[in-house]
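One structure below.
Keep in mind that the numbers below use all heavy atoms, side chains included, and drop hydrogens, waters and symmetry copies. Throughout, residue positions are numbered sequentially from 1 according to the sequence presented.
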Amino acid sequence: MEAQRRPTAGKGQQQQQQQQRPTKATQASDALPFPLYLTNGIFFTLFFSVAYFLLTRWREKIRTSTPLHVVTLSEMAAIMSLIASFIYLLGFFGIDFVQSFITTRGSTDAWDEEDDDDQDARNRHASYIRRPPCAAAIPDSLDCPSSMTMTMTATADEDEEIIKAVVDGTTPSYSLETRLGNCKRAAGIRREALQRTTGKALDGLGFEGFDYDSILGQCCEMPVGFVQIPVGIAGPLLLDGREFLVPMATTEGCLVASTNRGCKAIHASGGATSVILKDGMTRAPVVRFGSAKRAAHLKFFMEDPENFETLSVLFNRSSRFARLQRIQCAIAGKNLYMRFSCSTGDAMGMNMVSKGVQNVLDFLQTDFPDMDVIGISGNFCSDKKPAAVNWIEGRGKSVVCEAVINEEVVKKVLKTTVPALVELNVLKNLTGSAMAGALGGFNAHASNIVSALYIATGQDPAQNVESSHCITMMEAVNDGKDLHISVSMPSIEVGTVGGGTQLASQSACLNLLGVKGACKDSPGFNSRVLASVVAGAVLAGELSLMSALAAGQLVRSHMKYNRSSKDVSKV
């Protein structure tokens with residue numbers, strides 16, 4: 001009897017399961033008159049076709065100085081088509097969301113239609129949902145720790161295979177992040193492969209405790225670790241009525257201590273003041289023509305004030321912060337160099353100005369089809385190289401910073417005299433630099449402070465070259481009792497957004513200065529404040545080092561603070 005009942009019970013369960021099977025979910029795309037792929041193709045083609053048509057028409061209007069609001073019938077039809085296709089595409093990308101909503105609603109209704117008597121099935125479903133993720137993914141006979149051990153073992157074996165592939169050259173090292181989808185794991189595999197390939201240990205190179213995801217695609221390629229650089233704090237620096245604690249990343253002993261002493265002397269004398277003279281990043285492409293006469297024609301066109309507004313509109317499209325300020329041209333035979341200068345908000349702005357320059361070059365190609373663009377950068381900018389054009393015209397932020405140091409402070413804090421400082425500055429920073437043929441190097445050690453601040457705040461360290469252009473001036477004032485000191489720095493290139501400023505450590509240093517990120521109320525304000533801090537810190541560093549030289553303390557200080565007693569041969 002029991003044997004006969006089992007098939008009957010099985011049939012009942014099958015019938016019940018068939019009744020509970022959910023029907024096919026309604027598809028949002030069922031409402032379309034054509035197949036989904038065909039409809040998408042039509043609207044994608046329509047969208048890009050009319051967009052290209054409108055851009056071509058507007059570009060022609062700009063070139064001919066025709067008002068943009070004057071539109072023809074064909075342009076009105078194109079605008080309507082663009083709007084319609086945009087609305088469809090916007091809705092298309094929401095189909096998945098609508099479909100998921102419909103599917104969820106349908107499955108909920110199926111549960112609601114269950115018989116009230118099937119309480120056991122509901123309990124089983126609820127217990128399944130409440131089961132922990134690890135238990136749900138493995139049989140009941142296994143526990144979570146065992147599964148984790150197996151997973152770790154499998155990952156280790158897989159990593160070993162990848163390391164061997166990298167060492168053998170079958171897997172490119174640069175592709176690890178893309179293949180694995182885990183930046184830290186990729187860096188670890190690359191690090192181990194490097195050690196096996198070279199036979200050199202990297203134990204002293206930091207690895208743990210760094211966010212490798214934060215540098216992907218913006219700061220560093222193929223990372224294997226990070227270098228540790230200590231950060232010291234100098235200050236408070238009293239500048240323009242505000243106090244700043246200045247972070248300095250350096251491995252040179254005495255540098256932070258010396259800058260700190262300069263900050264103390266400035267603070268005791270009432271503080272320093274700064275002025276931003278210019279604020280504009282530059283990029284200078286080089287183009288070639290068949291003759292010098294044709295190159296001159298473009299030069300006259302670029303420098304004509306009547307054309308500047310048109311060029312500005314094209315240039316400024318690159319960013320909502322980019323604003324073209326000036327175009328300076330120079331000819332070398334058949335080659336023309338055009339130095340574009342523009343404001344860039346709180347960004348250092350090299351990418352921003354480059355995009356703007358590209359927009360202008362594309363426009364010029366229409367009226368000057370014989371123009372051959374040799375390079376987007378022709379070194380007339382000039383970036384990361386000592387150049388007279390930066391020293392004279394400026395690049396980035398041009399800043400002057402000054403302070404009057406009381407006679408008493410010069411004697412008690414700086415341990416020297418005003419006449420000694422003035423004489424040393426003339427013979428060292430002015431005459432000595434001229435004898436050496438210095439270009440922008442009429443100072444004691446401005447690059448020391450600039451480099452330390454740049455590394456700490458995530459700036460481009462290579463731009464220390466032109467950012468350290470500085471002339472230090474000293475003279476006796478107030479009947480020869482007090483010292484007036486100033487630094488003039490025409491090309492400080494800094495930003496508070498983008499690049500290395502987004503890394504955790506560098507972002508913390510910017511936050512310490514109160515200039516982290518972009519200033520929403522006044523774009524560019526934070527980067528200008530940072531430039532002023534750089535100049536103020538250089539002022540403090542110049543004051544302290546020159547005082548140490550005048551007092552004969554430099555050698556003694558470095559012997560005491562800049563020499564290690566550790567036996568490096570045993571490290």
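Residues satisfying the side-chain hydrogen bond (donor to acceptor under 3.5 Å, both in side chains) criterion with D460, sequence neighbours excluded, are K384. Applying the salt bridge (Lys or Arg N to Asp or Glu O under 4.0 Å) test to K334 and every residue at least two apart in sequence or in another chain returns nothing. In terms of the salt bridge (Lys or Arg N to Asp or Glu O under 4.0 Å) criterion, K278 has no residue partners (sequence neighbours excluded). Take T250 and apply the side-chain hydrogen bond (donor to acceptor under 3.5 Å, both in side chains) test, not counting sequence neighbours, and it matches no residue. Under the side-chain hydrogen bond (donor to acceptor under 3.5 Å, both in side chains) criterion, T366 pairs with R59, sequence neighbours left out. Annotation: salt bridge (Lys or Arg N to Asp or Glu O under 4.0 Å) contacts of K412 (sequence neighbours excluded): E408. Under the ring-ring contact (aromatic ring centres under 6.0 Å, His included) criterion, F301 pairs with F368, not counting sequence neighbours. Residues passing the side-chain hydrogen bond (donor to acceptor under 3.5 Å, both in side chains) test with D367, sequence neighbours excluded: R63. For R326, the salt bridge (Lys or Arg N to Asp or Glu O under 4.0 Å) partners two or more places apart in sequence, or in a different chain, are E393.
Side-chain N/O atoms of S527 and K397 include a donor and acceptor closer than 3.5 Å.
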Using residues 448-455 as the side-chain source, report each donor-acceptor pair under 3.5 Å to any protein atom, sequence neighbours left out, with the distance given to one decimal.
residue: N448; atom: ND2; partner: E252; partner atom: OE1; Å: 3.3
residue: N448; atom: ND2; partner: H445; partner atom: ND1; Å: 3.2
residue: S451; atom: OG; partner: S447; partner atom: O; Å: 2.9
residue: S451; atom: OG; partner: N464; partner atom: OD1; Å: 3.2
residue: S451; atom: OG; partner: N464; partner atom: ND2; Å: 3.3
residue: Y454; atom: OH; partner: S467; partner atom: OG; Å: 2.8
residue: Y454; atom: OH; partner: E493; partner atom: N; Å: 3.2
residue: Y454; atom: OH; partner: E493; partner atom: O; Å: 3.0

**Asked** For L311 and F363, what are the C-alpha separation, side-chain angles and deciding distance, and is it a side chain to side chain contact (heavy atoms under 4.5 Å, CB included)?
**Response** CA-CA 9 Å; L311 298 175; F363 170 77; 4.3 Å; yes
**Item:** Test side chain to side chain contact (heavy atoms under 4.5 Å, CB included) applied to V529 and F525, step by step
**Value:** CA-CA 6 Å; V529 171; F525 177 80; 3.7 Å; yes
**Prompt:** Going through the distances and angles, do V538 and C470 end up as a side chain to side chain contact (heavy atoms under 4.5 Å, CB included)?
**Reply:** CA-CA 9 Å; V538 168; C470 172; 4.2 Å; yes
**Request:** Kindly determine whether E402 and M473 satisfy side chain to side chain contact (heavy atoms under 4.5 Å, CB included), including the steps that lead there.
**Result:** CA-CA 9 Å; E402 64 179 346; M473 302 293 292; over 6 Å; no
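The ring-ring contact (aromatic ring centres under 6.0 Å, His included) contacts involving residues 378-420 comprise W391-H469, where partners must be two or more places apart or lie in separate chains. Contacts classified as ring-ring contact (aromatic ring centres under 6.0 Å, His included) and involving residues 215-235 (residues at least two apart or in different chains) are given here: F210-F226.
For the residue pair T472 and L430, the shortest heavy atom distance occurs at O-CD2, 4.1 Å.
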